[in-house]
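Reviewing the structure listed below.
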Amino acid sequence: MERASTPNYAGKVAIVGRPNVGKSALFNRLAGRNIAIVHDQPGITRDRLAAPATRGRRPFLIWDTGGIGGAGETELNAEVRAAADAAMRESDVILFVVDAQHGLAPIDQELARMLRKARTPVVLVMNKIDDPKHEDLESDFAALNFTASLPISAAHGRGISTLLETIDALLPPDAPEGDGEKPETKPPVALAIIGRPNAGKSSLINSVLKDQRTIVSNIPGTTRDAVDIEYERDGEKFLLIDTAGMRARSKHSTSVEVFSVMRAERTVRRADLCVLVIDVTSGVTSQDKKIAGLIQEARKPSIVILNKWDLVKPARGAKDAMKELVTTTRENLFFLDYAPVLIASALTGENVTQLFAMISEIKRAAGVRIGTGVLNRMLRAALDETLPPTIGNKRLKIFYAAQSAGEPGRAIDPPKFILFVNQPKLLSDPYGRYLEGRIRAAEPYPGLPVLLTCRARTQTRNE
């Protein structure tokens, strides 16, 4: 069974409004951290962003939506409006944000007519009341005739406490004690879906969700924010993070695009597992290698998906063609050799479900431990077979090794091995890779980096 999951929240709150009224600034203010990109260019937010808001009496899920109507790419307007409509249908409270300093616009009136027909409670949020002298601007919006209306400044935090109290009063009442679900203890697996623009990242997520949750377009760079989507599959919880496509730095056309790529790079660091999506029709490009390098440098568990298989799948000999593609991909991404390669089509759904079988195998492998005795005998044999290189007239000596315990709270924790040595700096990168290879010979650890940490012998005496 698969379903969307919103655990332990009092309800869901959608932020809607025309472009550039401060929806993303309000989203960030309620979420308590900068998630949505805030920029004075209209139409920056296209996808629906979700995050928990915990500043009020009860936590709730807040949704930011793309600006409805207005300037921007006209091809996306209908899709952005559909995403906002979906958020409103599924929400318990709607925050209708207007720009008090700009005044009442025709699109505000159109949205107000639409929202008054909804059964969901609506709060008119008059944003950009940055100073008491701006409070007279509220009267411009009296004609919209909403019972709940509040002046705020998302940028400066004015009126946010009152807004939180209003939201809490409109959210569904708490369930009686004793019939609620037990608090969750297992964290969701955070999956960062990354890759070049137009590789099919959003299409892959939609194929998984079987729902147009993220906007799919043939215009490269549609996703600008890192979009967090909660998802449950067979009782296991995931957080799917759709990121902005990463172009080469020299090709960034706007400051927004630069910021999007920086956000995607941070997403790699916070993910439990990275799914690198590559357009199989283009093959592994230099930019794909750079993105794979970010994963390798962050030492993150990973899977490589060769997407758009439907466009290159031969009528005959498909298995041989897939083997050749996997071999070529591994040669090009040799530095990320621990990542399994999956050939799939987000458009047709072919092989997409295998992604989760791979994730299950990676989670299983992350829990495998090598006994201390076995590990030390294996490493002694490795040193006897191939001596470490001499560095400054000294050679690495390994006195003892042990696999460290997993890090609490991590959904997927890569295997970590502590080597107690004479001098940590004597472990060269090539010899570290050699030792890693010997460890993988005993336990492959698919999809997982093997982390080696050296501690000097003097440190062992203090433990």
Side-chain angles (χ1 to χ4, degrees), residues 1-14 31 35 47-54 58-65 83 86-93 171-172 174-175 179-194 200-216 223 225-243 267 270-275 277 300-303 305 342 344 346 349-367 408-413 447:
M1 178 182 177
E2 303 170 17
R3 62 184 178 87
S5 171
T6 56
N8 301 325
Y9 300 136
K12 294 170 283 186
V13 177
I35 299 173
D47 291 306
R48 188 180 0 154
L49 306 181
T54 58
R58 294 181 294 167
F60 55 88
L61 190 70
I62 188 78
W63 281 348
D64 187 16
T65 61
M88 288 187 286
R89 286 195 306 271
E90 299 168 25
S91 295
D92 300 295
V93 177
L171 287 171
D174 291 329
D179 61 356
E181 296 182 2
K182 292 182 180 180
E184 297 183 10
T185 55
K186 289 186 178 180
V189 180
L191 305 178
I193 315 299
I194 61 176
K201 301 180 295 299
S202 295
S203 296
L204 176 65
I205 290 180
N206 288 337
S207 181
V208 168
L209 297 174
K210 296 181 175 60
D211 167 39
Q212 294 295 313
R213 177 63 179 269
T214 55
I215 296 171
V216 180
T223 300
D225 285 291
V227 185
D228 290 10
I229 303 170
E230 292 182 320
Y231 172 66
E232 185 175 317
R233 184 185 185 91
D234 298 329
E236 186 172 9
K237 303 205 183 318
F238 297 90
L239 188 69
L240 309 178
I241 311 172
D242 186 13
T243 59
T267 297
R270 74 181 174 100
D272 294 308
L273 187 148
C274 295
V275 179
V277 182
K300 289 293 183 178
S302 60
I303 294 172
I305 292 186
L342 174 65
E350 184 175 359
N351 296 334
V352 170
T353 57
Q354 290 186 27
L355 170 63
F356 290 92
M358 286 183 169
I359 293 170
S360 294
E361 174 59 18
I362 291 171
K363 286 191 69 177
R364 182 208 64 78
R410 289 288 297 274
I412 300 178
D413 199 23

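Small disclaimer: the values here were computed from a predicted structure and weren't measured.
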Minimum heavy-atom distance between L61 and P52, given as atom pair plus value: CD1-N, 4.1 Å
Rounded distance [0.5 Å steps], CD1 in I205 versus CG in L240: 5.5 Å
Inter-residue atom distance I193.CD1 - L273.CG, 0.5 Å rounding: 8.5 Å
Heavy-atom pair with the smallest gap, counting every atom of G11 and L171: CA-CD2, 4.0 Å
E361 with R364: basic N within carboxylate O range, under 4.0 Å: yes
Heavy-atom pair of closest approach, residues P172 and R58: O-NH1, 2.7 Å
Least distance between heavy atoms, A271 atom then A192 atom: CB-CB, 3.5 Å
Closest non-hydrogen atom pair, S91 against A14: OG-CB, 3.2 Å
Residue pair T353 / R233, side-chain heavy-atom distance below 4.5 Å: yes
Least distance between heavy atoms, A366 atom then I412 atom: CB-CG2, 4.2 Å
Distance (rounded to the nearest 0.5 Å) between L191 CG and L355 CG: 7.0 Å
Non-hydrogen side-chain atoms of D272 and L239 separated by less than 4.5 Å: no
Parallel, tilted or perpendicular: rings of F356 and F238 (30°, 60°): perpendicular
Derivation of the side chain to side chain contact (heavy atoms under 4.5 Å, CB included) call for I305 and N351: CA-CA 10 Å; I305 292 186; N351 296 334; over 6 Å; no
